[in-house]
Amino acid sequence: MPLSGLKVLDFTTLLPGPYATQLLADMGAEVTRVESPTRPDLLKFVQPQIDGQSAAHLAINRNKKAIAVDLKSPEGIELVNKLVADADILIEGFRPGVMQRLGLGYDDLASLNSRLIYCSITGFGQTGELAKRAGHDINYLALSGLASYAGTQQTGPTLSSFQIADIAGGSHHAVMAVLAAVIERYSSDKGQYLDISMTDCALALNTINGANHLAGAAAPTLGEDMLAGGSFYGYYQTSDERYLSVGSLEPQFFTQLLSALQLTAYIDNPMLALEQPQQLTHEIAETIASQSLEHWQSVFTALDCCVEPVLHLNEAVAQAWVAERNMLVEVALAENTKVTQLASATPFKRAEHQAGRALGADTHAVLRQYGYTNDQIEILTEKGVVL
């Protein structure tokens, strides 16, 4: 695996940090998840549960070791310092200032390990007037401008089915930055501090519209952007209350779409589509609403014009391409027990996977690896320093 040999300490919870470290672990990094013995990750309570553990938590923390350490105890900090001295990467998701107050800030730890790459993932970054403000994905999208043109005048801003700023922002940008720092370290032999702001990342995702606006174009509003409610590009309900996605933007695709829907007036006079975009969208909607999803699938499967059914998740994972592309993995949960999970979409596929571990499952083994005796481990456990 391409990241074999890289040691990662994961001090994150919920989604952005854990998904970032899952990607690293799936590509071969040795990730050790450091958890609190008393403040559980809220993702552990998400249903459904498998053998008493959250399916989501099992997936997002697969291929990681799990240790439980009280970071407010001197002994806990001493243990973490030993792990840091041997680590390549540390990723944390606390609010700005928390790790510093614990004595685990970048400056503290870089003095122990100058090659440490230290990545903080927060809502607003470590600097600026918003740095210590609370937030969630919806807030980062709102402040970045992305939400202002995602939807129509009728719907208002619309929610996505996944957390765009958390994942496309926090998780993916963190992984890119960390791996870039690993490459840089080959030249400098030094680590560095990486400040990942999910709001920064969300703002950067305005790629095309951001460039246009900064070059003098008006800021896009609801129902104006061609790909976000401002054209026929969109979802259309069928007669059986399912949906069809229509993305036939290019001329060759557009012509096939209109022919299949028998809207030939727009083929004979292409300017009508530009002059009367709302009328075109209305006619497409009316036509698609007259037949079932099954009917439209039979029509468009034979064509190549960027029209596909909107599948429920159970239908999506059952498609042939999902198996052909190895996008499902069987993950070991316990002896003779496996659970199916979504695979990472990178080209690097592990031969075997281990589901996320229970709280403190690897604490004793990791302590022994770093020289702690059984008597010392017993003392630390009795004092509540580790679990």
Taking only distance into account, with no hydrogens and no angle test, what donor-acceptor pairs under 3.5 Å do side-chain atoms of residues 157-167 form with protein atoms, sequence neighbours excluded?
from   : atom 1 : to     : atom 2 : distance (Å)
Thr158 : OG1    : Ala150 : O      : 3.1
Ser160 : OG     : Phe162 : N      : 3.2
Ser160 : OG     : Phe162 : O      : 3.2

Pairs flagged by salt bridge (charged side-chain N to carboxylate O under 4.0 Å, His left out) wherever residues 97-120 is involved - sequence neighbours left out: Arg115-Asp189
Test of understanding: with ring-ring contact (aromatic ring centres under 6.0 Å, His included), list the residues that count as partners of Tyr19, not counting sequence neighbours. His172
Distance-only donor-acceptor hits, side chain of residues 343-350, under 3.5 Å, sequence neighbours excluded:
from   : atom 1 : to     : atom 2 : distance (Å)
Ser344 : OG     : Asp26  : OD2    : 2.4
Lys349 : NZ     : Ser344 : O      : 2.7
Lys349 : NZ     : Thr346 : O      : 3.2
Arg350 : NE     : Glu352 : O      : 3.3
Arg350 : NH1    : Ala25  : O      : 2.6

Cluster partners of Leu14, using ILVMFWY side-chain heavy atoms under 4.5 angstrom, listed by chain and number? Leu42, Phe45
Pairwise salt bridge (charged side-chain N to carboxylate O under 4.0 Å, His left out) hits with a residue in residues 375-387, at least two apart: Glu75-Lys383
Relative to the ring of Tyr118, is the ring of Tyr106 parallel (under 30°), tilted (30 to 60°) or perpendicular (over 60°)? perpendicular
Partners passing side chain to side chain contact (heavy atoms under 4.5 Å, CB included) against Glu275 (at least two apart in sequence or in another chain): Met271, Leu272
With sequence neighbours left out, the residues meeting side chain to side chain contact (heavy atoms under 4.5 Å, CB included) with Phe300 are Leu244, Leu257, Ala260, Leu261, Trp296, Leu303, Cys305, Val307
Return the set of residues passing side chain to side chain contact (heavy atoms under 4.5 Å, CB included) with Thr12 (not counting sequence neighbours), or none when no residue passes. Asp10, Pro18, Ile91
Under the side chain to side chain contact (heavy atoms under 4.5 Å, CB included) rule, collect the residues that match up with Ala273, sequence neighbours excluded. Phe254, Tyr266, Leu280
With a cutoff of under 4.5 Å between side-chain heavy atoms, which Ile, Leu, Val, Met, Phe, Trp and Tyr residues group with Val310? Tyr235, Tyr243
Contacts of Phe94 that satisfy ring-ring contact (aromatic ring centres under 6.0 Å, His included) - sequence neighbours left out: none
